[in-house]
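Protein chains get the first letters and strands the later ones, always in sequence-line order, with residue 1 at the start of each.
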There are 2 protein chains.
Amino acid sequence: MKQNLKPTESELEILNILWTFGPSSVRDVHEKLLLTKEAGYTTTLKLMQIMLEKNLLGRDVSGKSHIYTALVDKEQTQGQMMKKMIETMFNGSPVQMVMQALGNHKASKSELEMIREYLDKKIKK
Amino acid sequence: MKQNLKPTESELEILNILWTFGPSSVRDVHEKLLLTKEAGYTTTLKLMQIMLEKNLLGRDVSGKSHIYTALVDKEQTQGQMMKKMIETMFNGSPVQMVMQALGNHKASKSELEMIREYLDKKIKK
DNA sequence: CATTTGTTACGAAATCATTCGTAGTTATCT
DNA sequence: AGATAACTACGAATGATTTCGTAACAAATG
């Protein structure tokens, strides 16, 4: 019954929108998607229907337009994706990945400080 | 002439082997690959030939067996992949990603300390 | 009521990624 | 040389993902 097929790239984009904005119609999702990429409406629709079949999404059919919800957990999915990436590109070392992320993408000083604080707590334990 | 097609999952595995071990024959790569996954020899061969066409790899044809080299930079490629992941799953925030990585994957205390040190340096600048 | 607009359903094409069989080449070994 | 082993080349099957057209229907509009 339960399965956890890894979401595809496009599916992730949709999941992220639902995680961020909560339950939404296809049109809502589609409009958010357009901010980032080209896509036809029926393409988005079809994708979401497929995700429904894969149990990545659920939906409420009672109204005129159907309302979809993410059925997979955000943190868990992020974790899985990261794990895979760490394995295939960072030889299994999360630390390597973190340094790469911090090195390449500029974070503000206050963001860096947040991380340091977080680390401090983690190290003390 | 220039192109930067994002490497596929399988291609990343191969790139990572070449980054780690340096220029290698198909057989060498294939053997390393086998430690992790099932794969036929000609499958690996074909993949590497395709990567050659995409200019992800170069090769030296002078010997009996060809020797392949990664033509794309490790850090740069990692960076691109991370960037995309940060965009599609972490709403563009590298910090969110880092915290997720540190939270979900256990790192040893000394590893964490390495990161903190790195951060300290970065913050001072 | 007739038309336009917005929606779902769904098949099927297009594209991309992966896998493998087979043929042919070159080297090695007896 | 002849046989065997290790390669490369490459077409083609398979599989997965993405894209889109078209049909059908429902709601809203004039």
Side-chain angles (χ1 to χ4, degrees), chain A residues 3-18 23-34 36-69 72 77 80-81 84-85 88-89, chain B residues 3-18 23-34 36-69 72 77 80-81 84-85 88-89:
Chain A
Q3 81 321 329
N4 253 339
L5 296 176
K6 149 179 82 107
T8 67
E9 192 67 22
S10 307
E11 289 173 345
L12 273 180
E13 289 172 354
I14 289 172
L15 280 175
N16 195 47
I17 288 171
L18 291 173
S24 314
S25 66
V26 173
R27 180 142 311 272
D28 287 343
V29 170
H30 182 57
E31 254 145 36
K32 308 260 162 51
L33 229 39
L34 284 183
T36 317
K37 53 139 54 172
E38 280 301 287
Y41 177 80
T42 55
T43 302
T44 305
L45 172 65
K46 178 71 168 192
L47 271 174
M48 291 176 74
Q49 286 170 344
I50 289 170
M51 291 170 79
L52 182 75
E53 261 161 31
K54 294 193 192 171
N55 289 311
L56 292 170
L57 304 186
R59 76 176 167 188
D60 174 357
V61 144
S62 62
K64 167 192 167 137
S65 62
H66 302 174
I67 299 298
Y68 289 79
T69 325
V72 293
T77 306
Q80 279 172 214
M81 295 292 113
K84 170 146 234 160
M85 188 165 220
T88 68
M89 284 189 47
Chain B
Q3 77 328 318
N4 252 339
L5 296 176
K6 150 179 83 110
T8 67
E9 193 66 24
S10 306
E11 289 173 345
L12 271 180
E13 289 172 355
I14 290 172
L15 281 175
N16 195 47
I17 289 171
L18 291 173
S24 313
S25 66
V26 173
R27 180 143 308 274
D28 287 343
V29 170
H30 183 241
E31 255 146 34
K32 309 258 160 53
L33 230 38
L34 283 183
T36 315
K37 51 138 57 173
E38 281 299 289
Y41 177 81
T42 55
T43 302
T44 305
L45 172 64
K46 179 70 168 190
L47 270 174
M48 292 176 73
Q49 285 169 344
I50 289 170
M51 291 171 79
L52 182 75
E53 262 160 31
K54 295 192 192 170
N55 290 312
L56 292 171
L57 306 185
R59 75 175 168 188
D60 174 357
V61 145
S62 63
K64 170 195 168 135
S65 63
H66 302 174
I67 300 297
Y68 289 78
T69 325
V72 291
T77 305
Q80 279 174 212
M81 295 291 114
K84 170 145 234 161
M85 188 164 220
T88 68
M89 285 190 45

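Between the CG atom of B/L34 and the P atom of C/dT19 there is a distance of 12 Å, rounded to whole Å. Nucleotide D/dT22 holds its P atom 16 Å from the NZ atom of A/K46, rounded to whole Å. In this structure, B/Y68 places its OH atom 12 Å from P of D/dC7, rounding to the nearest Å. Spacing between atom CG of B/L47 and atom C1' of D/dC10 amounts to 14 Å, rounded to whole angstrom units. Atom pair A/L45:CG and D/dT18:P shows a separation of 15 Å (rounding to whole Å applied). Atoms CD (B/E53) and P (C/dT18) sit 15 Å apart, rounded to a whole Å. Between the NE2 atom of A/H66 and the P atom of C/dC10 there is a distance of 11 Å, given to the nearest Å. Atom pair B/L33:CG and C/dT18:C1' shows a separation of 12 Å (rounding to whole Å applied).
If you check every strand for non-hydrogen atoms under 4.0 Å, B/S10 touches sugar and phosphate atoms only. The residue B/Q49 sits close to a base: some heavy atom pair falls under 4.0 Å. Within 4.0 Å (heavy atoms only), B/T8 reaches sugar-phosphate atoms of the nucleic acid but no base atom.
Residue order along DNA chain D, read from the 5' end via each residue's closest nucleotide, puts B/V26 first among A/I50 and B/V26. If you find the closest nucleotide of DNA chain D to A/T42 and to A/E9, the one lying nearer the 5' end belongs to A/E9.
Taking the side chain of A/S65 as heavy atoms from C-beta on, and the options D/dT8, C/dA9, C/dT7, the nearest nucleotide is C/dT7. Set against C/dT7, C/dT8, C/dA17, the side chain of A/R27 has C/dT7 as its closest nucleotide. Which of C/dT19, C/dA27, D/dC20 sits closest to the side chain of B/K64 comes down to C/dA27.
Residues A/S24 and A/L18 meet the side-chain proximity criterion, which asks for heavy atoms closer than 4.5 Å. B/E11 places none of its side-chain heavy atoms less than 4.5 Å from the side chain of B/K6.
When all heavy atoms are compared, the tightest approach of B/L57 to B/L52 is O-CD1, 3.4 Å. Across B/V29 and B/M48, no two heavy atoms sit closer than the pair CG2-CE, 3.8 Å.
Close to C/dA9, at under 4.0 Å from its OP1 or OP2, lies a side-chain N or O of A/R59. Of the side-chain N and O atoms in B/Y41, one or more sit less than 4.0 angstrom from OP1 or OP2 of D/dT8.
B/H30 places a side-chain N or O within 3.5 Å of a backbone atom of B/A39 that can act as its donor or acceptor partner.
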